[in-house]
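To find a chain, count down the sequence lines: A is the first, B the second, and so on, and within it residues start at 1.
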Amino acid sequence: MLEIKFVRQNLSEVEKSLSTRGDTADLETFKNCDAARRKTLLEIEDLRHRRNVVSDQIADMKKKGEDAESLVLEMREVSARIKELDKSLSENEEIIRNIIMGLPNIPHESVPVGKNESDNPLLKQIGKPPEFDFEPKPHWELGEKLGILDFERASKITGARFPLYLGMGSRLERALINFMLDIHTTEHGYKEILPPFIVNRQTMTGTGQLPKFEEDLFKLEGLEYFLIPTAEVPVTNIHQAEVLNEDQLPIRYTAYTPCFRSEAGSYGKDTRGLIRQHQFNKVELVKFSKPETSYDELESLLDNAEIILKRLELPYQVITLCTGDIGFSAAKTYDIEVWMPAQGVYREISSCSNFEDFQARRANIRFKRKGKKGTELVHTLNGSGLAVGRTFAAILENYQQADGSVIIPQALRSYMGGVEKIS
RNA sequence: GGAGAGGUGGCCGAGCGGCUGAAGGCCCUGCUCUCGAAAAGCAGUAUUCUGCCAAAAGCGGAAUCGUGGGUUCGAAUCCCACCCUCUCCGCCA
């Protein structure tokens, strides 16, 4: 969420930034309601001030045994008037809140302006796509033939877009999770977290999924609880409504969780395979930093995620999301895309973002500088490190052999009990 | 699910209609003392909104004692509802 004062004082800048995102908002209503709110507030505070002063008088008079009846009667009316004004105030505040909560973050100045994903500039390409002397198969075919993935039975159990891993498939998924967590905790200084997979409405609002994107979430029936769409949500909210000490920062957390997404509006897209599922596994990286270092932290976060692909020797590229493609809460985002030979394209496998103080303001996460008065909002960041299901798919496709078997990447073998190949 | 206890500032904890934005303590910051440190002493130290101001500083006002309502001239304090935590019982991986 943006600061109300900032929006008020920079209406045209906010409007401009909205349009580079291809988004709009009713800033006219905001302007009117905000002005009305402040006018009402002034009046209310005036009345309340009067009431406070007179109430003291009444107390004094009563103590002295004097008759305060006329003042009491007068204040009765003042209180009634305050109540009236309060109502119109909270109505205005509700409207303002709705508009403010629906405003996306303002992209950082380094974010390229663009309309959509085709305008995302390429930052770098690492590794060479493997060359096959046969037609590379898609991972769902390989997986089903090897008996390590079974989409048909999964749909029997639940429905479309749910994964069922079996045997060495389950083992590979678990190996990847451990591999990623181990690197981030022992080499990159992240603390491992295992959070709840179900969160409440406030938590979802804190990171920006609510109120705008409720349809993307799975909600528990009859409860104000939601399945998490990413570990970002519970992990960022660990410090919800807290004041951190300057010397605690930066805080780095990593967490494995399953992720649940309704994928509303993506019917017909990536219907086959592990790319787009209602449930998938992900290892997430989350950081809390001081404002002045958050962009350095974003670069190192990207590094930390890239390392996984480098160790697995998977070819990938990194792009910078342009203003038209960047997410609602983010000020800047890098996407890491892994090479998928069967489709001959790079597919997103990680998204690394700096949210600056956008989430911190919603979730009320602040810090105190040593020797300084007051508090400041922290900057929050997160990135996938990595999406496990998509990594699984990438390994199958990039390491496939002519006979349909799959070689296990060197770095992963110790996590696979020494297995070198799935066949 | 049943019974009870409780939710107060960065932390601990008092208060149970007006003198309480909140005692006392801790933490932290500055100063005194010291060669320095510790100890001790003194002082300071919540947040949000808002008015004056171009802005900052400053000064003024309002709000905030789990959340939302209510009673009252006046609520941390009384009433109602809800949320959360803890203890005991039951059930259970």
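Contacts classified as side chain to side chain donor-acceptor pair (under 3.5 Å) and involving residues 38-49 of chain A (residues at least two apart or in different chains) are given here: A:E43-A:R81. Contacts classified as side chain to side chain donor-acceptor pair (under 3.5 Å) and involving residues 51-62 of chain A (residues at least two apart or in different chains) are given here: A:R51-A:S79. Among pairs with a residue in residues 190-201 of chain A, those fulfilling side chain to side chain donor-acceptor pair (under 3.5 Å) read A:Y190-A:N304, A:N200-A:T203, A:R201-A:E214, A:R201-A:E224, at least two apart in sequence or across chains.
Using a 4.0 Å cut-off, no side-chain N or O of A:S79 falls inside it from OP1 or OP2 of B:U72. Applying the 4.0 Å criterion to OP1 and OP2 of B:A62, one finds that A:H49 has a side-chain N or O inside that range.
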Do any N or O atoms of the protein come closer than 3.5 Å to N or O atoms of nucleotides 63-68 of chain B, and which pairs are they?
from  : atom 1 : to    : atom 2 : distance (Å)
B:A63 : OP2    : A:N52 : ND2    : 3.4

Could you go through nucleotides 47-54 of chain B and list every protein N or O atom that sits under 3.5 Å from one of its N or O atoms, giving the distance for each pair?
from  : atom 1 : to     : atom 2 : distance (Å)
B:U47 : OP1    : A:G374 : N      : 3.3
B:U47 : O3'    : A:R366 : NH1    : 3.4
B:C49 : O2'    : A:R37  : NH2    : 3.0
B:U50 : OP1    : A:R8   : NH2    : 2.9
B:G51 : OP1    : A:R38  : NH1    : 3.2

Grab the N/O contacts between the protein and nucleotides 16-20 of chain B below 3.5 Å, and write none if there aren't any.
from  : atom 1 : to    : atom 2 : distance (Å)
B:G18 : N2     : A:S55 : O      : 3.0

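Among residues two or more places apart in sequence or in another chain, the side-chain contact (heavy atoms from CB on, under 4.5 Å) test is passed with A:Q343 by A:P138, A:W140, A:M340, A:V345, A:E397. With sequence neighbours left out, the side-chain contact (heavy atoms from CB on, under 4.5 Å) criterion links A:E215 to A:A264. Applying the side-chain contact (heavy atoms from CB on, under 4.5 Å) criterion to A:P291, with sequence neighbours excluded, gives A:F367, A:R369, A:E376, A:H379. Contacts of A:H239 classified as side-chain hydrogen bond (donor to acceptor under 3.5 Å, both in side chains), with partners at least two apart in sequence or in another chain: A:E242, A:Y253. Legend: residues meeting side-chain hydrogen bond (donor to acceptor under 3.5 Å, both in side chains) with A:Q359, ordered by chain and number and at least two apart, are A:E232, A:T380.
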Show me the dot-bracket string of RNA chain B, counting Watson-Crick or G-U pairs under 3.5 Å, with | for pairs to another strand and [ ] for crossing ones. ((((((((.[[[..)..(.....]]].(((((.......))))).(((((((.....))))))).[[[[[..)....]]]]])))))))....

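A salt bridge (Lys or Arg N to Asp or Glu O under 4.0 Å) with A:K290 holds for exactly one of A:E297, A:E356, A:E246; it is A:E246.
Side chains of A:N105 and A:S329: a donor-acceptor N/O pair is absent below 3.5 angstrom, by distance only.
Within 4.0 Å of A:K39, counting heavy atoms only, lies no atom of the nucleic acid at all.
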